[in-house]
Amino acid sequence: MIKVAINGYGTIGRRVADAVRAQKDMSVAGIVKRKPDYVATEASRNYRIFASDKESLKSFANSNLEAEGTMEELMDDVDIIVDATPEGQGEKNINIYRAKKKKAIFQGGEPATLAEASFNAYGNFVDSWGKDYVRVVSCNTTAMARTVSVCIEKFGVRKVEATIIRRATDPNDSKKGPINAIEPSLGFPSHHGPDLKTVLAIGEANTVAVKVPTTLMHVHVVNLTLEKPIAQEDTLDLFRDYGRIISVSGKDGLTSTAQLMDLGKEMGRKRGDMFEIPVWKESIYAYNDNLRYIQAVHQESDVVPENIDAIRSMLQEKDRETSIGETDRALEIRGKS
Ligand code: NAD
């Protein structure tokens with residue numbers, strides 16, 4: 001069994017913890033929390049709790065919730081750490097992981113230069129093979145990498161252009177906005193295009209991003225220039241063989257991110273998660289060497305399966321197909337796997 005520590009138990013950390021727990025070949029040795037709040041109390045039903053440092057340990061000691069020790073103590077007993085602390089914190093934590101000689105996975109909020117490789121399961125699983133420090137790219141980059149890598153495989157892609165309509169913040173956050181405005185990314189391209197190039201070999205990737213007042217998913221309007229001309233018929237069942245991408249249709253009532261998030265709940269997913277990238281069938285349009293489609297991204301959960309596969313790649317446990325298959329079966333991810 002691979003023993004995993006989860007450092008940072010927020011939006012991403014709590015989901016990765018549950019996903020690790022669902023796998024047959026790994027277990028959660030403990031989670032690291034900074035404060036003894038309601039999230040820590042609920043987590044203590046399933047996980048051993050550790051405090052982030054001595055100061056934080058004191059706040060647990062003064063509460064009704066006991067922490068078993070500090071992050072550094074937990075690390076002595078694990079094979080790998082998934083760092084899901086807020087962006088910027090990973091850069092500080094890597095020194096602790098290095099001193100303890102432990103492998104660690106960082107999230108998309110950290111700079112690419114922090115890790116030896118950036119990771120996407122479909123795009124570049126082998127690049128993280130045996131590596132000590134890896135970054136799972138952001139929710140937006142993960143979603144782009146999944147569908148674009150399929151198009152690279154099938155047709156070859158010369159150029160990626162995309163408009164990213166971003167959710168303002170996550171549903172459990174009452175501090176960030178905008179709540180009544182539309183906020184464009186200033187400067188071109190937005191950071192997403194260059195980030196995509198850290199996991200896919202593509203010549204050009206240009207993106208712009210616009211933040212809108214919603215917490216329910218991002219939407220990407222994608223426009224690819226392919227290596228060769230294709231016809232509309234070539235796009236039938238484009239993503240059928242890829243479990244982490246699902247085709248959805250307005251004909252089934254799935255006309256917006258509201259229904260997609262409702263679908264996650266109806267599928268019985270914990271927290272209503274949608275690990276798959278939904279692509280609207282009606283939006284797929286091919287003309288000469290141009291392919292367009294619109295996809296949605298559940299920002300809170302699409303990176304979760306990638307964290308699991310990154311663990312197996314870094315520990316040289318399973319090849320790409322085997323790992324993706326096992327992850328998908330354990331998380332009941334739809335489609336072929
Ligand atoms: P979050 O704020 O929801 O969770 C972070 C957690 O870490 C919080 O519980 C916080 O209290 C805790 N924390 C803060 N400092 C800590 C420390 N020193 N030690 C241990 N815990 C500490 O953040 P998140 O949304 O889960 O983001 C985490 C990372 O994942 C970031 O790099 C982010 O960019 C990336 N990411 C976020 C999303 C998303 O949409 N939320 C999607 C993909 C990737």
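Each ligand, and each atom within it, is numbered from 1 in the order the structure gives.
- Looking only at heavy atoms of the protein, atom 42 (C) of ligand 1 is closest to Gln299 O, 3.1 Å.
- Screening Val160, Asn140, Asn206 against His192 for a side-chain contact (heavy atoms from CB on, under 4.5 Å) leaves a single residue, Asn140.
- Of all protein heavy atoms, the one closest to atom 33 (C) of ligand 1 is Gly109 N, 4.0 Å.
- Heavy-atom distances between Arg167 and ligand 1 reach below 4.0 Å in at least one pair.
- Atom 16 (C) of ligand 1 has as its closest protein heavy atom Arg34 CD, 3.4 Å.
- Under a 4.0 Å N-O distance rule, the pair Glu183/Lys211 qualifies as a salt bridge.
- The aromatic rings of Phe106 and Tyr97 lie tilted to each other, with the angle between the two planes from 30° to 60°.
- For Tyr242 and Tyr122, the ring centers sit closer than 6.0 Å to each other.
- Between Asp37 and Lys33 there is a salt bridge, with a side-chain nitrogen of the basic residue lying less than 4.0 Å from a carboxylate oxygen of the acidic one.
- Taking atom 25 (O) of ligand 1 as the reference point, the nearest protein heavy-atom neighbour is Thr11 CB, 3.6 Å.
- In summary, the atoms of ligand 1 found under 4.0 Å from a heavy atom of Asn7, numbered by their order in the structure, are 19 (N), 20 (C).
- Selection from Gly10, Ser52, Gly8 by nearest heavy atom to atom 19 (N) of ligand 1 gives Ser52.
- Within the 4.0 Å heavy-atom criterion, the part of Gln89 lying near ligand 1 is the side chain and not the backbone.
- When Gly88, Gly90, Cys139, Gly108 are ranked by how near their heavy atoms come to atom 43 (C) of ligand 1, first place goes to Cys139.
- Residue, atom and distance of the protein heavy atom nearest to atom 26 (O) of ligand 1 are Ile12 N, 2.9 Å.
- With atom 12 (C) of ligand 1 as the reference point, the heavy atom nearest to it among Ala143, Pro86, Ala84, Gly13 is part of Pro86.
- Counting heavy atoms closer than 4.0 Å to ligand 1, residue Tyr9 contributes backbone atoms (N, CA, C, O) but none from C-beta onward.
- Nearest protein neighbour of atom 41 (N) of ligand 1, counting heavy atoms only, is Asp170 OD2, 2.6 Å.
- Between Glu326 and Arg329 there is no salt bridge, since no side-chain N of the basic residue sits under 4.0 Å from a carboxylate O of the acidic one.
- Nearest protein neighbour of atom 35 (C) of ligand 1, counting heavy atoms only, is Gln107 CB, 3.7 Å.
- Salt-bridge annotation for Glu161 and Arg292: absent, with no side-chain N of the basic residue lying under 4.0 Å from a carboxylate O of the acidic one.
- Side-chain rings of Phe50 and Tyr9 stay apart, their centers remaining 6.0 Å or farther from each other.
- Residue Thr85 touches ligand 1 through backbone and side chain together, judged by heavy-atom distances below 4.0 Å.
- Trp280 and Ile164 fall into different hydrophobic clusters, where Ile, Leu, Val, Met, Phe, Trp and Tyr are joined by side-chain heavy atoms under 4.5 Å apart, directly or via other members.
- Look at Asp132 and Lys103 and you find a salt bridge, because one of the NZ, NE, NH1 or NH2 atoms lies within 4.0 Å of a carboxylate O, short of that distance.
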